[in-house]
Number of protein chains: 2
Amino acid sequence: MRRFYVAPHEFKGERVRISGEEAHHLRRVLRLGPGDEVDVFDGAGHEYRVELRYFHGDAVWGYVLEETTVPREAPIFVSLAQGLAKGEKMELVIQKATEIGVASVIPLHTARSVPRPGSGQARREERWQRIAREAAKQCWRTVVPAVEPLCTLPELVRRFSEYQAVLFFWEEEKSRHLHEVLATLKAQGHIQRLLLIVGPEGGFSPEEAQLVAENGAVSVTLGPRILRTETAGLVAASIILYELGDLG
Amino acid sequence: MRRFYVAPHEFKGERVRISGEEAHHLRRVLRLGPGDEVDVFDGAGHEYRVELRYFHGDAVWGYVLEETTVPREAPIFVSLAQGLAKGEKMELVIQKATEIGVASVIPLHTARSVPRPGSGQARREERWQRIAREAAKQCWRTVVPAVEPLCTLPELVRRFSEYQAVLFFWEEEKSRHLHEVLATLKAQGHIQRLLLIVGPEGGFSPEEAQLVAENGAVSVTLGPRILRTETAGLVAASIILYELGDLG
């Protein structure tokens, strides 16, 4: 694919500088040269047709021929707060959430999270952001979703006011279904910002469930089958972006 | 988890024989013994509370105390025909489709499928069926979805008549959205059997797309973002089981 990500600050007027891995891929793997045309997106909502002009050292300079932005971003801002999951599950969630159209992923450290954030956490967050960038590139999104720094549930609660509604997917909730919650939200009018909270493998503690409920989160069930933590958020995001967004 | 899968033929009256891996897990990992109670499901829709009685050689005999079947199966039979995907993606699709509530997965060999079915195919199919069984066990389903033998598109087309509708998720379809297709299906009345077809990584060839369309499949888009093959089926199944089934 001849589609490249370049951060917004690398655009100067009609010139754009491609460096690092993207330049390497362009030169060494795809073997492109001066005169070749590529698609470049800035991860912040813009996409351009670019002609490659100058190759110097590790960098490539291109010239913007035209803006080619196509609307591919969901009309609703959905954040997915995902309880830290083991191994590659977190990476799976970030990749799939990007494709589905989530606007940001908030890794959540909870009482029962098994992976303890340690010294490798900064490197892990860098890796997560890179997975989001790669997924955005592949699925033709023009915006790269933010993978935020790891936060705790009390920290997340303090941010509830940024959203019009907070849905809390909880295995102990048996009667309030997503169908009725979404019907209520639709009846309230245009929803622009929504936060989804999904627990880690061991679920939330009763104290955690109480904390989010007291602060206005609505607990929801996804039906009779018990979804794994990495499945729950993706299923919920799919349905919500179908009902309130542009998926399907 | 003290939930075990035992094939229906191992039930004789009120006695049930647990053997193989499940017996090993029960004895060696969980260290259960005579008098302990466990949950046993037969993968065909029934679940029982069982008291363990006799341990002999590699097998364990239990006594059915009561049937405890809880309705966890979707009221609609959804088959997912998935273009063969590389590496672990097929396994991911089978695991997640089971959790979401798909009734059967049909691995599909198409013109552009990259993994060629070879001598290891029988072993691969055995492994896929085992992944479905494990996923059913974990998500508390009482039915284990069938993972069918690999089939070709012409073979699949001959089976279209088994379904009330066939939806064909195609990257070239730009205007017919899942929203309108599901609205039409709902208006037609109660849908009981639905087939979803998802192409492999390279998509369908024009001849393949024509073949399924000529035989009544409805091509559908999932919206502006390009979903990977292993994401498309799971997103589609989630939305369909939400709209026509019991998810959410």
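Note on naming: letters A, B, ... go to the chains in the order of the sequence lines (proteins, then strands), and numbering restarts at 1 for each one.
Only the side chain of B/L182 comes within less than 4.5 Å of a heavy atom of chain A; its backbone N, CA, C and O stay farther away. The part of A/L92 that comes within reach of chain B is its side chain, from C-beta onward, which places non-hydrogen atoms under 4.5 angstrom from that chain. Heavy-atom distances place no part of A/A136 under 4.5 Å from chain B, backbone and side chain included.
Counting heavy-atom pairs under 4.5 Å between each of A/A135, A/P224, A/A236, A/A237 and chain B puts A/P224 at the top. Comparing A/G248, A/G223, A/P71 by how many heavy-atom pairs each has under 4.5 Å with chain B, the most go to A/G248. Comparing B/L241, B/T231, B/I226, B/L234 by heavy-atom pairs within less than 4.5 Å of chain A, the highest count is held by B/I226.
With a 6.0 Å radius and a threshold of 12 heavy atoms from other residues, nucleotides or ligands, B/E126 has its CD atom at or below the threshold. B/R49 CZ: more than 12 foreign heavy atoms inside a 6.0 Å radius.
Checking side-chain atoms of B/E99 against main-chain N and O of A/R228 turns up a donor-acceptor pair under 3.5 Å.
B/H179 and A/Y242 have parallel rings, their planes meeting at less than 30° on a 0 to 90° scale where 60° marks the start of perpendicular.
Atom CZ of residue B/R141 and atom CZ of residue A/R225 lie 6.0 Å apart, to the nearest 0.5 angstrom. The CG atom of B/L227 sits 8.0 Å away from atom OG of A/S238, with the distance rounded to the nearest 0.5 Å. How far CD of B/Q95 is from CD of A/E230: 6.5 Å, rounded to the nearest 0.5 Å.
Of all the heavy atoms in B/L222 and A/L247, the pair that sits closest is O-CD1, 3.4 Å.
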